[in-house]
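Have a look at the structure below before the remarks.
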Amino acid sequence: MKQPVSNLSSNFKINFDHTINSGQVFLWEKIDTKWYGIDGRRVLVLENSQKFKKNMKYEIDFFRINDNFEKISNELKNDNYVRDAIKMFPGLRLVRQNPFQCYISFIVSSNSNIPSIKSRLQNLCKMFGSKKIVDGKAFFLFPEPSDLANASILDIKKCGLGYRAKAVKTASLSILNGKIDFDSLKKMDYQTAKKELIKVFGIGSKVADCILLFSLEKLEAFPLDRWMLRILQKYYSNEFQISTKTLTEKTYDQLHENVVEHFGAYAGYAQQFLFKMERELYKKKWL
DNA sequence: ACCTGACCTCGTCT
DNA sequence: AAGACGAGGTCAG
């Protein structure tokens, strides 16, 4: 039996450039050689060739260092295209985000491109978040649920959210009144947690999957956005039937079921590699 | 139940 | 330089 690789020693294979530039996170910027990122009320700071020390609990958690990536990637490599994508971006990883920030980020993402999403989130932080100085630089932390729940829709709109402003306010209220509780959602199975999320105004199948995958421990979540549909159509026309029409909730679920059957329990990881590969191919902007 | 159009705004392209 | 276009979807009719 092969000795398991120590998680702390294998993690420096993580490539922060690739991981941050993969559409999972929006509030990161590179200054000189360091990445600075907002995650809830924290500012994460990382160097390119960062090695994780035991006391970096928060960073270890964020970058999912304790996932057994050897095992996961071995399983993913059963699929040829995912295998190629892993070969191209071996240091790409999923991250584990602050749930509230992730929730709002993807509500705000609907029908938008990444530069717009980033701009809106930055504006929300500036208007509703508190300031923190790190390395002599000023950062604005992500607002708390109460900050956005108590804000006026008009003020939220000033951040460039358009019709999404109402959704951000009501979704934040759902946190305050307990209709959405992230710790409970983490404990539920994928399907049950997803049903709860979709009850929230502004959250559909795709956004729910992003929240589940990037912040609520559901690695079988596989966000089916226009890119992923294009990818499935392009490389997997033998495996999946993709119609050109927009998916209804039911057809979405059906396709997701087939996708998990094909890619396995770590389908979410597969999605991240495929998404990264295809968007790089078209030179799409990340941040 | 499924299908279609409308939707705010902004970065990018011409 | 101004105008059109489309973007990691969702909701209502």
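All chains are named by letter (A, B, ...) in the order of the sequence lines, taking the proteins before the strands, and each is independently numbered beginning at 1.
Remark: A:Arg120 is not in phosphate contact with B:dT9, judged by side-chain N or O atoms under 4.0 Å from OP1 or OP2.
Following rounding to the nearest Å, A:Gln122 (CD) and B:dG11 (C1') show an atom-to-atom distance of 13 Å. Across the protein-nucleic acid pair, A:Leu229 atom CG and C:dG9 atom P stand 9 Å apart, rounded to whole Å. Rounded to whole Å, atom P of B:dT9 lies 13 Å from atom CG of A:Asn123. Nucleotide B:dC8 holds its P atom 18 Å from the CD1 atom of A:Ile117, rounded to whole Å. Here C:dC11 presents its P atom at 13 Å from OH of A:Tyr252, a figure rounded to the nearest Å. Atom CZ in A:Phe26 sits about 15 Å away from atom C1' in B:dC10, given to the nearest Å. For A:Arg230 and C:dG6, the CZ to C1' distance is 11 Å, given to the nearest whole Å. As rounded to whole Å, 13 Å separates atom C1' of C:dG6 from atom CZ of A:Arg279.
A gap of 22 Å separates the P atoms of C:dG3 and B:dC8, to the nearest Å. Here the separation of B:dC10 from C:dC11, taken at their P atoms, is 22 Å to the nearest Å.
Residue contacts shown for A:Val108 are absent, as no nucleic acid heavy atom lies under 4.0 Å away. Contact annotation for A:Thr246: base contact, defined as any heavy-atom pair under 4.0 Å involving a base atom. Nucleic acid contact for A:Ser22: base, since at least one base atom lies under 4.0 Å from a heavy atom of the residue. Across all strands shown, A:Glu278 has no heavy atoms under 4.0 Å from either base or sugar-phosphate atoms. Within 4.0 Å (heavy atoms only), A:Gln272 reaches no atom of the nucleic acid at all.
In this structure, of C:dG9, C:dA7, B:dT12, it is B:dT12 that holds the atom nearest to the side chain of A:Lys285. Each of B:dC7, B:dT12, B:dG11 was ranked by its minimum atom distance to the side chain of A:Ser119; first place goes to B:dG11. Considering only the side chain of A:Pro115, B:dG11 comes nearest among B:dG11, C:dG9, B:dT9. Looking at the side chain of A:Tyr163, the nearest of the listed nucleotides C:dA7, B:dC7, C:dT10 is B:dC7. Taking only side-chain atoms of A:Phe201, from C-beta outward, the nucleotide of C:dC11, B:dC2, B:dG11 with the closest atom is C:dC11. The A:Asn113 side chain lies nearest to C:dG6 when the options are B:dT12, C:dG9, C:dG6. With B:dC2, C:dA7, C:dC11 as the choices, the nucleotide that has an atom nearest any side-chain atom of A:Thr248 turns out to be B:dC2.
Aromatic rings from A:Phe89 and A:His18 are positioned such that their centres are separated by under 6.0 Å.
Take the nearest nucleotide of DNA chain C for A:Trp227 and for A:Ile203: the residue whose nucleotide is more 5' is A:Trp227. For A:Lys166 and A:Lys284, each mapped to the nucleotide of DNA chain C holding its nearest heavy atom, the one lying further toward the 5' end belongs to A:Lys284.
For A:Gln241, the CD atom sits in a loose shell: 12 or fewer heavy atoms of surrounding residues, nucleotides or ligands are nearer than 6.0 Å. A:Lys250 NZ: 12 or fewer foreign heavy atoms inside a 6.0 Å radius. In the displayed structure, A:Lys126 atom NZ is contacted under 6.0 Å by at most 12 heavy atoms of other residues, nucleotides or ligands.
With A:Phe201 as the aromatic partner, A:Lys166 meets the cation-pi criteria of under 6.0 angstrom to the ring centre and within 45 degrees of the ring axis.
The pairing partner recorded for B:dG5 is C:dC11, the criterion being a Watson-Crick or G-U wobble arrangement whose two distances lie under 3.5 angstrom.
With A:Glu278 as the partner, the side chain to side chain donor-acceptor pair (under 3.5 Å) test is satisfied by one option alone out of A:Tyr81, A:Tyr235, A:Trp227: A:Tyr235.
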